[in-house]
Amino acid sequence: MLTEVLTQLVVVVALALLISIPLFVGRERLLETKATWPTRIRVSGPAIVLLAIVLVINRVIRWRAAAISDEIGYHMTETFYRFEGEFVLVFQSIATDELTMYFSAIYIYGYTFMLVFPVIAYFVLSDTRIFRQLLTAYSLNYVIGLSLYLLVIAYGPRNVMPEVLEVTMLYDNSPEYQHLTREVNQNTNVFPSLHTSLAATVAMFAYTTRSSYPNWFPVAVVLAISVAISTMYLGIHWGVDVAAGLVLATTCVVLSDRLVGRWSLTELYESARHRLAERRRNGE
């Protein structure tokens, strides 16, 4: 079943990319990238390697997150429930079969597309800074989010009040998706909502680059809002998780802007080489 769900995810996202790349990116940028992609890869190498390392660490630690959280984490489920009560049940009042189908698709397919498309769109921009900032912001989201998952032990609404959420719960309506989500997450990883933080990160970058991709900006905003609502509609996250996700997204976007370009590996290498040559001349 996992293979079937993964295949379906790849096919849907690939089709969405085939439509969105010509629509939002355009043929000219693709042709220009064909001749310059090695340089862009070299310039963006540190950000690419950083994200790859973070994703591997994230994958390894998430499997051990429950054991680590038991040692260092704080149980916050009751605190969250007392703080916001049954806020997520507001979405039960608007639930329909069509909305449940829409938000389930957004949570699985729309979210994945949101993360992949900007990587392609910003890579083909002549200035690689936005591309490097995006990868850095992704890395920061995972690093900070994973750290909070280890410190905060909390179950989501689907675990606390499943009997009243059964109308919209993702796993009741589309049980096949459990085979995918349990591969990348644990029940206690709810604070903050990384779906919300990463989707909001993409929307913020879409705002920043709206002069380059004016048609992508409103699409990204609609998708990001839909992703955030889907996490509560489907009973996966509390409202406080979504709020924390928005704060995390803002933090990561600001930090990525300040960090990218602050240091140049080429300059660091030349500086180290110069100091080494200076020591040799001085006989040290």
Side-chain angles (χ1 to χ4, degrees), residues 2 6 9 46-77 79-80 107-108 110-116 118-119 132-160 170 177-205 224 227-228 230-232 234-260:
L2 174 61
L6 275 175
L9 175 64
I48 296 172
V49 171
L50 173 65
L51 179 59
I53 293 173
V54 166
L55 290 177
V56 171
I57 293 174
N58 175 70
R59 174 72 175 171
V60 172
I61 291 185
R62 282 208 189 192
W63 282 112
R64 297 176 51 82
I68 298 173
S69 292
D70 285 340
E71 296 292 329
I72 65 174
Y74 296 90
H75 291 270
M76 298 293 289
T77 307
T79 302
F80 291 165
Y107 188 81
I108 299 295
Y111 170 71
T112 307
F113 166 72
M114 277 202 82
L115 298 190
V116 176
V119 174
R132 289 178 284 141
Q133 283 182 324
L134 178 75
L135 299 189
T136 303
Y138 280 179
S139 299
L140 289 169
N141 269 284
Y142 281 112
V143 169
I144 299 173
L146 180 59
S147 300
L148 289 171
Y149 285 160
L150 297 179
L151 293 174
V152 178
I153 304 171
Y155 288 94
R158 69 184 188 277
N159 299 113
V160 175
L170 175 66
Y177 293 143
Q178 293 183 77
H179 298 283
L180 176 64
T181 56
R182 72 187 179 192
E183 286 292 317
V184 297
N185 215 344
Q186 303 290 325
N187 285 345
T188 54
N189 294 347
V190 300
F191 182 86
S193 165
L194 271 182
H195 262 64
T196 298
S197 67
L198 286 164
T201 295
V202 170
M204 292 178 195
F205 273 90
V227 167
S230 75
T231 66
M232 296 179 286
L234 300 171
I236 296 168
H237 283 287
W238 304 99
V240 69
D241 304 330
V242 172
L246 295 175
V247 172
L248 176 58
T250 305
T251 302
C252 294
V253 171
V254 171
L255 284 177
S256 69
D257 179 55
R258 296 186 179 182
L259 291 174
V260 171

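Bear in mind the structure is a predicted one, so any value in this text is a computation, not a measurement.
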Closer than 3.5 angstrom, by distance alone: can the side chain of [X] be matched with the main-chain N or O of [Y] as a donor-acceptor pair?
X    : Y    : result
T77  : Y155 : yes
D241 : H237 : no
S69  : L150 : yes
H195 : Y107 : yes

Return the minimal non-hydrogen interatomic distance between [X] and [Y], and the atom names on each side.
X    : Y    : value
P118 : V202 : CG-CG1, 3.6 Å
V242 : A228 : CG2-O, 3.9 Å
A203 : A224 : CB-CB, 3.8 Å
M114 : A199 : CE-O, 3.6 Å
S193 : T231 : OG-CG2, 3.9 Å

Using the side chain to side chain contact (heavy atoms under 4.5 Å, CB included) rule, take L248 and L194 through it: C-alpha gap first, then chi angles, then the decisive distance, then the call.
-> CA-CA 9 Å; L248 176 58; L194 271 182; 4.0 Å; yes
If we only count heavy atoms from C-beta on, is the [X] to [Y] side-chain gap below 4.5 Å?
X    : Y    : value
L115 : V119 : no
P192 : L148 : yes
F80  : V160 : no
I236 : R158 : yes
Q133 : D257 : yes
T136 : L51  : no

Between S197 and L246, is a side chain to side chain contact (heavy atoms under 4.5 Å, CB included) present by the stated rule, with each step listed?
-> CA-CA 5 Å; S197 67; L246 295 175; over 6 Å; no
To the nearest 0.5 angstrom, please state how far the [atom1] atom of [X] sits from the [atom2] atom of [Y].
X    : Y    : atom1 : atom2 : answer
L255 : S139 : CG    : OG    : 12.0 Å
S256 : Y138 : OG    : OH    : 11.0 Å
R132 : L135 : CZ    : CG    : 10.0 Å
T196 : M232 : OG1   : CE    : 7.0 Å
T201 : L134 : OG1   : CG    : 8.5 Å
L146 : N189 : CG    : CG    : 7.5 Å

Show your reasoning for whether ring pair (Phe, Tyr, Trp, His ring centres under 6.0 Å) applies to F191 and Y149.
-> CA-CA 6 Å; F191 182 86; Y149 285 160; 8.6 Å; no
Using the side chain to side chain contact (heavy atoms under 4.5 Å, CB included) rule, take Y74 and I153 through it: C-alpha gap first, then chi angles, then the decisive distance, then the call.
-> CA-CA 6 Å; Y74 296 90; I153 304 171; over 6 Å; no
